[in-house]
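The structure under discussion appears below in the form of C-alpha cells.
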Amino acid sequence: MKPGLSDRLARLKKSQSSQPMTRIMSSSTAEGDISREIPSALKDDWKVLDKDLWVMERRCKSPLTDFKSSGLLVKDYPPQDQWLFYDTETTGLSGGAGNTAFLVGIGRPSGDEFLITQYFLRDYPGEPALLHYLKEEIARSELFISYNGKSFDKPLLETRFLMNRISCRMGPQLDLLYPVRSLFKNRLPNCRLGSVEELILGIHRTDDIPGSEIPDIWFEFLKEGSHPDLKRVMIHNDMDILSLAVLLNALENYMHFPDSLPICDSFALGRFLLDRNDPRALSFLESSVDQGDQRGEVLLSLHWKRQGEWEKAVQIWTNILKKRQSPFASVEMAKYLEHKKKDIPAALDIIDHLMRSMRPKSMLQKEELLHRRTRLIRKKETFVADTPCETVE
DNA sequence: CACATGCTTGATCCGAATGC
DNA sequence: GCATTCGGATCAAGCATGTG
C-alpha cells in the first residue's frame with residue numbers, strides 16, 4: 001500500500017528542513033583543500049563567513065549626505081539606515097529554478113558612511129547560509145533600491161528563498177531603471193546602468209568586466225578553484241551598488257535642480273512632473289516648447305484644454321499652425337470653434353483647408369476628417385437657413 | 001534566453017451638452 | 001424623448017527594454 005500524501009510530505013519536510021542548518025555548521029574537511037582558501041588576490045578584503053560562503057565589508061563616504069527627497073520617486077522615505085541597495089551577480093539571465101545568485105552585494109547608508117557588504121558563494125552548498133544572512137539584512141530594511149531589480153534580481157532571490165524553504169519577503173521596491181527611462185530615454189543610446197554612469201553621472205569605469213562574461217567566470221572558478229578575473233567581478237558588483245546610491249542622489253537632485261546634470265530633457269521632465277501633479281511641470285513644458293519640441297506643444301495644449309484654459313490652448317494651436325501644417329492642431333482648433341465658439345463656418349474652413357492641403361496618414365484619419373466635415377456642412381446649412389440676412393450660395 | 005514595466009494605440013463606456 | 005458628439009476614464013494588446 002502506498003503511503004498517504006500527507007505522510008510523504010511530512011517525511012520530505014523533515015528531511016529537508018534539518019538539512020541546511022546542519023550543512024552550514026558542518027566543517028567539511030573531507031573534500032580536497034585546493035579551493036578552500038581565499039585566493040591571495042582577495043585575501044585582504046574577504047573573510048570566510050560560513051561553509052562555502054565568503055563576505056567582504058567596506059565603508060566609504062556616503063554619496064547621500066546631501067540627499068533631499070522631492071517626494072516624486074518615493075512618497076515617504078524611511079530613515080536612510082533602513083534603505084537597502086542591492087545587486088546580484090548570477091549564473092545567467094534566464095529566470096526559473098536553475099539560475100543562482102552567486103554574489104549578492106548590498107549597500108546601506110549609515111550617517112556619513114556607506115557600508116557595502118558582499119556575500120560570495122564559493123560553491124552551491126553555501127547558498128542556504130547566504131540566504132540566511134541576506135534574510136537578516138532584508139528584515140531590517142524598509143526600502144529596496146535596485147536597477148531593474150523588480151523584474152530581475154527580486155524574483156530571482158525570491159525563487160532562491162523558495163527553493164531553500166526560507167520564507168522571506170522584501171518590502172517596497174524603488175527600481176531606478178524606470179525613472180531613468182522616463183527622464184533620459186531620448187537622450188541616451190540606451191538606459192543601461194553603464195550608460196547612465198558614463199553620460200549622466202560622469203563615472204568612468206576602468207577595466208570593468210562585461211556582464212555577459214560573468215557567469216562563465218564563476219563556473220570556471222567552481223571547476224578550477226580560482227579565476228584571474230574573479231576579483232573584477234566583485235569590483236563590478238561593488239561599483240554597481242555604489243552607483244545606485246550616486247544615481248538615486250542625482251535623480252532626486254535633478255528634481256530640484258534640473259541643470260545639475262549634464263543632460264536635461266525639458267519635455268521628459270515636464271511630462272514626468274505632470275504625471276505626478278507637480279505644478280513645476282508647466283514651466284518645463286513651456287521651455288520645451290520654446291526649444292521647438294512638438295511633443296511639448298501637444299501635451300501642454302491638451303493640459304490647458306483639460307483645465308478649461310481655452311485661451312492658452314488656442315494660443316498654442318495657433319502658434320503651431322503659424323509654423324507648420326498640423327492635423328492635430330487643426331482638428332483641435334476645429335473642435336474649439338465648433339463646440340466652444342459656435343463658429344461653424346470657421347471650423348469648416350479649417351477642416352476644408354486641412355483636407356485640401358494634406359494627404360491623410362491613414363484611412364482612419366481620412367474617414368474621421370470626412371465625418372467631421374460632413375457634420376460641419378450639415379450644421380452650417382441649418383445655421384445659414386436660420387439666419388435670414390445671409391444668402392445661400 | 002523570462003519577466004516586469006511603461007508607453008502607445010485602439011476600443012468601449014459614461015455623462016453632459018446640444019440639436020431635432 | 002432620441003440621436004449625436006465630445007472629453008475623460010479605463011482596459012487590453014502590442015511593443016521595447018534592462019538584468020548576468
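Proteins come first, then strands; the chains are lettered A, B, ... in the order of their sequence lines, and each starts at number 1.
The nucleotide B:dT9 finds its pairing partner in C:dA12, both defining distances of the Watson-Crick or G-U wobble pair being shorter than 3.5 Å. Using the Watson-Crick or G-U wobble rule with both distances under 3.5 Å, B:dC20 pairs with C:dG1.
Within 4.0 Å (heavy atoms only), A:N190 reaches sugar-phosphate atoms of the nucleic acid but no base atom. Across all strands shown, A:D240 has heavy atoms under 4.0 Å from sugar-phosphate atoms exclusively, and none from any base. Residue contacts for A:I214: at a heavy-atom cut-off of 4.0 Å it reaches the sugar-phosphate backbone alone, with no base atom in range. Among the protein residues, A:K154 comes within range of no part of the nucleic acid, since none of its heavy atoms lies under 4.0 Å from any strand. Contact annotation for A:L156: no contact, since no heavy-atom pair falls under 4.0 Å across all strands. Backbone-only engagement by A:S182 is indicated by non-hydrogen atom pairs under 4.0 Å involving sugar-phosphate atoms exclusively. Among the protein residues, A:T88 comes within range of the sugar-phosphate backbone only, with heavy atoms under 4.0 Å from sugar or phosphate atoms but none that close to a base. In this structure, A:N99 reaches neither bases nor backbone, as no heavy-atom distance under 4.0 Å exists between it and the strands shown.
Exactly one of A:K323, A:K322, A:K312 qualifies for a salt bridge (charged side-chain N to carboxylate O under 4.0 Å, His left out) with A:E297. That residue is A:K323.
The nearest whole Å value for the distance from the CD1 atom in A:I351 to the P atom in C:dT5 is 14 Å. Atom OH in A:Y147 sits roughly 19 Å away from atom P in B:dA4 (whole-Å rounding).
Atom CG of A:D112 has 12 or fewer heavy atoms from other residues, nucleotides or ligands within 6.0 Å.
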_Run A:E136 and A:R140 through salt bridge (Lys or Arg N to Asp or Glu O under 4.0 Å) and show every step you take._
CA-CA 7 Å; A:E136 284 180 15; A:R140 55 194 187 91; over 6 Å; no
*Take A:R108 and A:S141, measure what side-chain hydrogen bond (donor to acceptor under 3.5 Å, both in side chains) needs, and give me the verdict at the end.*
CA-CA 9 Å; A:R108 199 188 293 281; A:S141 307; 3.0 Å; yes
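A donor N or O paired with an acceptor N or O is not found under 3.5 Å between the base of C:dT19 and the side-chain atoms of A:R192. Between the side chain of A:S212 and the base of C:dG20 there is no donor-acceptor pair of N/O atoms closer than 3.5 Å.
Aromatic ring centres of A:F102 and A:F221: separated by at least 6.0 Å.
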